[in-house]
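Computation of the quantities below employed the complete heavy-atom set of this structure, encompassing side-chain atoms and omitting hydrogens, waters and symmetry-equivalent molecules. Residue numbers begin at 1 in each chain, while the letters A, B, ... track the order of the sequences.
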2 protein chains.
Amino acid sequence: MTSTAPAPAAPEDLLRGAGLRVTAARVATLRAVGERQHATADDVLGSVRAELGTVSVQAVYDVLHALTDAGLLRRIEPAGHPARYERRTGDNHHHVVCRSCGAIGDVDCTVGHAPCLTPSDDNGFVVETAEVTYWGLCPHCR
Amino acid sequence: MTSTAPAPAAPEDLLRGAGLRVTAARVATLRAVGERQHATADDVLGSVRAELGTVSVQAVYDVLHALTDAGLLRRIEPAGHPARYERRTGDNHHHVVCRSCGAIGDVDCTVGHAPCLTPSDDNGFVVETAEVTYWGLCPHCR
DNA sequence: CCCCTTTTCTGGAATGATTCCAGTAACGTG
DNA sequence: CACGTTACTGGAATCATTCCAGAAAAGGGG
């Protein structure tokens with residue numbers, strides 16, 4: 001059947017498009033991250049195991065790294081909390097992190113667009129990316 | 001002797017001023033952090049032990065927390081690297097982190113001053129602080 | 001100046017996320 | 001369909017940081 005609708009790219013195609021081998025663990029991981037807001041490695045492990053049965057911890061970390069390196073996932077590492085992964089990549093958006101429970105929200109940085117993404121003095125560093133993290137309390141914790 | 005010069009506040013006075021008890025570990029820690037750019041807990045442990053002899057790991061972490069809570073130190077926690085401490089507090093400055101060796105540099109965010117420190121959509125969160133981290137390569141690593 | 005309550009420090013074990021390692025299994029090109 | 005490369009398994013190890021219970025200081029009151 002030839003649909004003309006621009007169906008949301010299937011995990012398999014995303015993987016092939018990124019030059020990665022298609023494996024059950026990768027497909028399941030991609031789906032698991034997509035079904036959740038900001039998944040931790042543990043969340044993914046749970047979802048993937050529910051779908052495929054036995055999957056090693058290492059496999060999930062390997063997959064998460066491979067997908068992140070390939071640009072299919074973005075890793076967020078809030079201080080004091082385990083890393084989280086999301087599928088929104090490429091758009092320079094930021095995050096609000098609850099300092100109490102660690103909940104995370106997306107923030108489109110539209111206010112004045114490009115913020116101070118260019119440091120006033122780069123100390124000789126070659127700056128590649130700027131990352132903004134907002135800290136506060138989520139609706140549930142306050 | 002009554003000097004009129006505004007001497008840089010002595011560690012002891014800083015501690016008392018913050019309502020903290022003055023202990024050898026705290027004075028030594030304050031000095032250790034001041035003598036280094038961005039000290040890790042381990043750096044501090046080394047300096048403090050060199051100065052005082054035996055000091056427990058826990059003591060250093062306790063001190064570092066107490067001083068950070070009191071506002072005498074600022075903690076920086078770059079993803080993938082151990083936490084670092086600095087004495088420049090109160091001025092909303094940011095950091096450049098080398099993605100290779102973890103080296104850190106200070107960045108005064110003067111470009112357009114207050115960046116997008118106010119998220120366009122706070123997701124219902126009560127935002128308290130905004131933190132900007134620049135990632136790149138330090139002069140030595142590139 | 002000494003006592004007493006509170007806070008801090010000691011030492012050792014525990015935690016939790018993530019990684020290392022060596023061997024086995026699966027992918028997909030030819 | 002065979003083979004070389006890449007991925008996955010299972011278990012142990014790492015590293016920063018924290019937990020715990022008891023011993024030792026800090027400093028205000030008497």
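Between the side chain of A:R75 and the backbone N or O of A:A83, no donor-acceptor pair lies under 3.5 Å. In this structure, the side chain of B:R26 engages the main chain of B:R21 through a donor-acceptor pair within 3.5 Å. Checking side-chain atoms of A:R84 against main-chain N and O of A:I76 turns up no donor-acceptor pair under 3.5 Å.
A close approach under 4.0 Å does not occur between any side-chain nitrogen or oxygen of B:Y61 and OP1 or OP2 of D:dT18.
When rounded to the nearest whole Å, the span between CD1 of A:I76 and C1' of C:dA17 equals 16 Å. Distance CD (B:E77) to C1' (D:dC15): 15 Å, rounded to an integer number of Å. Rounded to a whole Å, the CG atom of A:L15 is 15 Å from the C1' atom of C:dA26. The nearest whole Å value for the distance from the CZ atom in A:R84 to the P atom in C:dT18 is 11 Å. Rounding to whole angstrom units, NE2 of residue B:H81 and P of D:dT17 are separated by 13 Å. With rounding to whole Å, A:R49 atom CZ is found 9 Å from D:dG10 atom P. Nucleotide C:dG11 holds its C1' atom 13 Å from the CG atom of B:L45, rounded to whole Å.
Residue-level contact check: B:H65 touches the backbone only, with heavy atoms under 4.0 Å from sugar-phosphate atoms and none from bases.
Of all heavy-atom pairs between A:E51 and A:A28, the closest is OE1-CB, 3.7 Å.
Of the residues B:L15, B:V48, B:L52, the one that meets the side-chain contact (heavy atoms from CB on, under 4.5 Å) test with B:V27 is B:L15.
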Its contact letters, B for base, S for sugar-phosphate only and - for none at protein heavy atoms under 4.0 Å, make nucleotides 2-9 of chain D read --BBBSSB

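For B:R99 and A:E128, the salt-bridge test passes: some basic side-chain N is under 4.0 Å from an acidic carboxylate O.
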